[in-house]
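For reference, positions follow the sequence shown, starting with 1. Heavy-atom basis, side chains included; hydrogens, waters and symmetry copies ignored.
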Amino acid sequence: MVQAVRQQLGTSYTADDAQHAAGSGVAALLTLPSGSLVFVKGQRGRSPATTSTAAEAEASWWGPDWSPVDELDLEEAVNPYLPLSAPRVLWRLNTHGWNILAFEGLPGRDAEYTPGSPDLTPVAEALAELATVTAPALRLPTAWDRWGYYCTPDDHERLTGRNLLHTDPASTNIVVNKGRAHLVDWSWPAVGPAWIDATLWGMRLISTGGHTPEAAWAWASRVPGWSAADPKSLAAFARAEARRWRDLAAEQVPTAAAIGEAADAWADAIAART
């Protein structure tokens with residue numbers, strides 16, 4: 001695979017393994033002799049991915065045979081429709097059983113979510129940019145496909161929308177460089193209300209940054225659509241996300257218990273405003 005990538009690039013390179021890329025079989029930032037950067041992620045074969053529960057798998061949009069390679073396919077398909085701040089796909093390489101997707105490499109670092117961080121404003125701006133993007137005419141999962149398992153049937157309409165969603169604005173999925181935030185890792189795009197990503201960001205501000213729910217609310221309010229959203233819809237979604245993290249904690253997923261506690265606190269704070 002290394003030789004195939006070198007041939008594709010037409011030059012030598014040095015590679016730094018990407019941190020926080022547990023979902024990828026291979027993930028690395030390549031530096032070329034010119035100083036240009038290329039980010040590559042790859043998966044070997046199409047072995048089905050594991051799902052949280054058997055019931056979830058049975059009802060899943062993704063189906064029992066969905067694999068990490070399918071995630072690459074979806075990320076490649078949605079890439080041309082992403083906000084300008086997102087890195088673009090450069091090329092795709094399928095060789096020796098490996099499926100490799102290459103992106104524009106971004107210098108920078110993971111976003112810092114702690115109170116007072118200078119990254120918070122550019123992250124809010126990146127999410128605001130995304131909140132204006134209508135989902136493309138691709139086969140994409142909906143917010144209901146993603147969270148309906150944790151909702152009641154009455155919540156279906158609440159999670160219906162036409163916006164393109166990232167669905168995981170964790171600090172490790174945002175690269176900050178020269179005061180600008182870039183949303184990366186679009187493995188789980190979806191279609192739904194514009195306020196979904198702001199809600200998820202609020203939870204991450206609490207779990208990762210140590211914000212109070214009140215402070216998280218203030219930052220989420222900077223994203224278009226949040227303040228106009230029905231509080232009951234926000235509460236239903238936040239509660240569904242909290243249930244999801246409790247399930248992951250029960251499966252002993254690392255850090256899920258702590259994130260689940262933050263998700264519960266966030267859901268309680270939103271529900272108190274309804």
For Arg6 and Val2, what are the C-alpha separation, side-chain angles and deciding distance, and is it a side-chain contact (heavy atoms from CB on, under 4.5 Å)?
-> CA-CA 6 Å; Arg6 184 178 294 115; Val2 173; 3.8 Å; yes
If you round to the nearest 0.5 Å, how far is CG of Leu205 from OH of Tyr113?
-> 6.5 Å
Side chain proximity check, Val123 to Pro169, heavy atoms < 4.5 angstrom = no
Salt bridge check: are Asp119 and Arg109 linked by an N-O gap of less than 4.0 Å?
-> yes
Under 30°, 30 to 60°, or over 60°: which ring-plane class applies to Phe237 and Trp147, parallel, tilted or perpendicular?
-> perpendicular
CG on Leu130 to CG on Leu82, rounded to 0.5 Å = 8.5 Å
Side-chain (Asp197) to main-chain (Leu165) donor-acceptor, under 3.5 angstrom | no
Is the NZ or CZ atom of Arg222 positioned over Trp219's six-membered ring, under 6.0 angstrom from the centre and within 45° of the axis?
-> yes
Is it true that a side-chain atom of Asn79 and a backbone atom of Glu76 form a donor plus acceptor pair closer than 3.5 Å?
-> no
How many angstroms lie between CD in Glu214 and CD1 in Ile206, if you round to the nearest 0.5 Å?
-> 8.5 Å
Could you pull out the closest heavy-atom pair between Pro122 and Gly179, with the gap in Å?
-> CB-O, 3.3 Å
Is it true that the side chains of Gln43 and Ser67 contain a donor and an acceptor less than 3.5 Å apart?
-> no
Separation of His156 NE2 from Cys151 SG (nearest 0.5 Å) = 10.0 Å
Please confirm whether the backbone N or O of Ile270 pairs with a side-chain atom of Thr274, one donor and one acceptor, at under 3.5 Å?
-> no
Using atom types as modelled and distance alone, determine if a side-chain donor or acceptor of His166 lies under 3.5 Å from a backbone N or O of Asp185.
-> yes
Side-chain heavy atoms of Trp98 within contact of Val5, under 4.5 Å = no
Any idea which heavy atoms bring Trp266 and Pro213 closest together, and the distance?
-> CZ3-O, 3.4 Å
Quick one: are Tyr13 and Val38 in side-chain contact, heavy atoms under 4.5 Å?
-> no
Enter the distance from Leu140:CG to Leu164:CG here, rounded to the nearest 0.5 Å.
-> 7.0 Å
Heavy atoms only: give me the nearest Pro141-Pro189 pair and the separation to one decimal.
-> CG-O, 3.3 Å
CG of Leu127 to OG of Ser85, rounded to nearest 0.5 Å, is 9.0 Å
List the steps and the verdict of side-chain contact (heavy atoms from CB on, under 4.5 Å) for Phe103 and Glu75.
-> CA-CA 11 Å; Phe103 300 83; Glu75 187 166 6; 3.5 Å; yes
Closest non-hydrogen atoms of Asp264 and Ala242, given as atom of the first, atom of the second and distance, are OD1-CB, 3.4 Å
Donor-acceptor contact present, side-chain Arg44 to main-chain His96, <3.5 Å = yes
For the pair Glu112 (side chain) and Thr114 (backbone), establish whether a donor and an acceptor sit closer than 3.5 Å, ignoring hydrogens and angles.
-> yes
Please report the shortest heavy-atom distance between Leu72 and Lys41, naming the atom on each side.
-> CD2-CG, 3.8 Å
Arg158 and Leu234, any side-chain heavy atoms less than 4.5 Å apart = no
Whether Asp145 side chain and Thr142 backbone form a donor-acceptor pair below 3.5 Å = yes
Within a reach of under 6.0 Å around CZ of Arg162, are more than 12 heavy atoms found that belong to other residues, nucleotides or ligands?
-> no
Full working for side-chain contact (heavy atoms from CB on, under 4.5 Å) between Phe39 and Leu30 = CA-CA 6 Å; Phe39 180 77; Leu30 312 182; over 6 Å; no
Closest approach of Pro193 to Thr160 (non-hydrogen atoms, all atoms of both residues) | CG-O, 3.6 Å
For Val175, the hydrophobic cluster (side chain heavy atoms closer than 4.5 Å, chained through members) also holds Leu106, Val184
Backbone N or O of Asp168 within a donor-acceptor pair of the Asn173 side chain at under 3.5 Å?
-> yes
Sub-3.5 Å donor-acceptor pair from the side chain of Thr167 to the main-chain atoms of Trp188, do we have one?
-> yes
Counting only N and O atoms by type, is there a donor-acceptor contact under 3.5 Å from the side chain of Thr199 to the main-chain atoms of Trp195?
-> yes
Would Trp62 and Glu71 satisfy side-chain contact (heavy atoms from CB on, under 4.5 Å), going step by step from the backbone distance to the final call?
-> CA-CA 10 Å; Trp62 297 265; Glu71 293 178 18; over 6 Å; no
